[in-house]
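See below for the structure under consideration.
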Amino acid sequence: MTTFSEVYTNNPLQLHHIIPLDFNSLQAVPDSHIWPKSDDDVPTSDEYLSIPIVDLMDPDVVDRVSHACQTWGIFQVTNHGLSPSLLEGVEEETWRLFSLPVPEKMKVLRLPDGATGYGTARIAPFYSKSMWHEGFTIIGGSFVEHAKVLWPNDYKRFCDVIDECQKSMKTLAHKLLHIILKSLNLSEEQESNWATMIHQSETNALQLNSYPTCPDPNQAIGLPPHTDSLLLTILHHSNTSGLQIFRDGGFGWVPVSSFPGALTVNVGDLLHILSNGKFPTVYHRVVVSGTCHRVSMGYFYGLPVDSTVEPLSKVEFPMYKSLTVREYIGIKNECHEKALSLIRI
Ligand code: OGA
Ligand code: NI
């Protein structure tokens with residue numbers, strides 16, 4: 001069976017699409033990082049107040065999550081089971097990693113055909129301009145070797161916190177997916193088959209992100225507009241805003257602030273397909289700041305790479321072709337944002 005990280009070996013990247021800029025040394029944004037302005041760039045204000053907050057202990061949690069996924073594709077969860085001390089620990093380790101000098105971070109650069117390590121966002125090759133961003137991707141357990149390189153005498157702190165975070169995030173992802181499956185009106189047999197599949201899945205990635213303070217934030221972009229490929233993304237971002245979602249109906253880009261103690265959950269492409277578009281994948285981007293260095297941690301959760309995805313439940317008109325997770329990631333790696341439209345029936 002193919003593992004999630006092996007899916008990336010077929011799409012080797014060029015080094016200039018992996019190595020981030022040395023942001024510390026810059027007084028101005030270099031041409032390589034200046035993005036053209038577009039008309040929809042002006043964000044609306046205060047709209048973020050409406051982003052649903054869902055308490056996982058709420059007796060009506062199925063309806064609330066379902067409503068949030070249908071109307072916004074993104075919501076904040078409270079009572080999510082990750083302790084404040086764990087989230088603080090992850091944040092501390094994230095700062096510890098990104099504060100290292102560039103030559104240190106370069107020692108754990110992601111390989112061109114690899115998945116784990118330091119580097120730019122995977123969507124970099126699709127753009128002629130580069131992002132005001134550096135990341136550290138963790139898939140499976142191989143990050144321990146990277147941590148040993150970064151902190152030969154003190155790697156355990158990082159590893160313990162990441163291990164615990166991966167476990168707790170997985171438990172939370174399972175909980176959320178059970179809730180979501182319930183809201184898709186499946187037969188009992190279907191629901192139980194899907195629950196088993198979800199529990200067996202090792203398709204997940206933890207992504208630490210850093211968006212350094214930018215000399216001219218209006219010219220640069222942290223992450224350009226994109227959708228996440230897997231089922232769900234769970235995001236921890238505590239210190240500053242930067243994440244925005246695109247909302248139709250004249251709203252434009254809506255900032256997503258983090259509600260204290262909550263985690264942000266968003267729908268990804270695979271859930272869009274499974275729900276036959278009932279839960280639309282959310283288009284989002286990250287803007288940067290002239291005064292704050294922002295870090296975030298995203299957990300991406302998917303299905304086993306050899307499993308088949310197709311619209312579930314009793315839909316009369318399936319809108320998407322059936323294909324394996326591996327095939328979908330392959331299409332996304334080649335065609336980026338066109339992937340969903342390419343598999344439309
Ligand atoms: C991502 C992403 C948002 C953030 O990593 O795909 O959208 O706020 N991150 O860092
Ligand atoms: Ni994203």
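When a residue number appears, it is its place in the shown sequence, counting from 1. Just follow the structure's listing: the first ligand is 1, and inside any ligand the first atom is 1.
Atom CG of Leu82 is separated from atom OH of Tyr299 by 10.5 Å, given to the nearest 0.5 angstrom. To the nearest 0.5 angstrom, Ile179 atom CD1 is 10.0 Å from Asp58 atom CG.
Any N or O atom pair closer than 3.5 Å counts here, and Gln207 shares no such pair with ligand 1. In terms of polar-atom proximity, defined here as any N/O pair under 3.5 Å, Arg294 does make such a contact with ligand 1.
Summary of contacts: the protein heavy atom closest to atom 2 (C) of ligand 1 is Leu223 CD1, 3.5 Å. Closest to atom 5 (O) of ligand 1, if we only count protein heavy atoms, is Asn209 ND2, 3.4 Å. Considering only non-hydrogen protein atoms, atom 3 (C) of ligand 1 sits nearest to Val286 CG2, 3.6 Å.
If you look at Gln244 next to ligand 1, there are no close heavy atoms at all, none under 4.0 Å.
Looking at Glu202 and Lys170, a side-chain N of the basic residue comes within less than 4.0 Å of a carboxylate O on the acidic one, giving a salt bridge. A salt bridge links Asp154 to Arg96: at least one charged side-chain nitrogen sits closer than 4.0 Å to a carboxylate oxygen. With respect to the salt-bridge test (charged N to carboxylate O, under 4.0 angstrom), the residues Glu310 and Lys321 do not qualify. A salt bridge links Glu104 with Lys107: the closest approach of a Lys/Arg side-chain nitrogen to an acidic carboxylate oxygen falls below 4.0 angstrom. A salt bridge links Asp31 with Lys129: the distance from a Lys NZ or Arg NE/NH1/NH2 to an Asp or Glu carboxylate oxygen falls below 4.0 Å.
Within ligand 1, the atoms closer than 4.0 Å to a non-hydrogen atom of His226 are 1 (C), 2 (C), 6 (O), 7 (O), numbered from 1 in the order shown. For ligand 1, the atoms sitting less than 4.0 Å from at least one non-hydrogen atom of Phe300 are 1 (C), 5 (O), 6 (O), numbered in the order shown with element in parentheses.
A cation-pi arrangement is present between Arg285 and Trp253 under the rule of less than 6.0 angstrom and at most 45 degrees off the ring axis. The cationic group of Arg157 does not satisfy the cation-pi geometry with Trp151, failing either the under 6.0 Å distance to the six-membered ring centre or the 45° limit from the ring axis.
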- prompt: What's the verdict on ring-ring contact (aromatic ring centres under 6.0 Å, His included) for Tyr320 and His272, showing C-alpha distance, side-chain angles and the deciding distance?
  reply: CA-CA 10 Å; Tyr320 298 96; His272 181 116; 5.4 Å; yes

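For a distance threshold of 2.8 Å, the protein N, O or S atoms nearer than that to the Ni ion (ligand 2), listed by chain and number, are His226 NE2, Asp228 OD1, His284 NE2.
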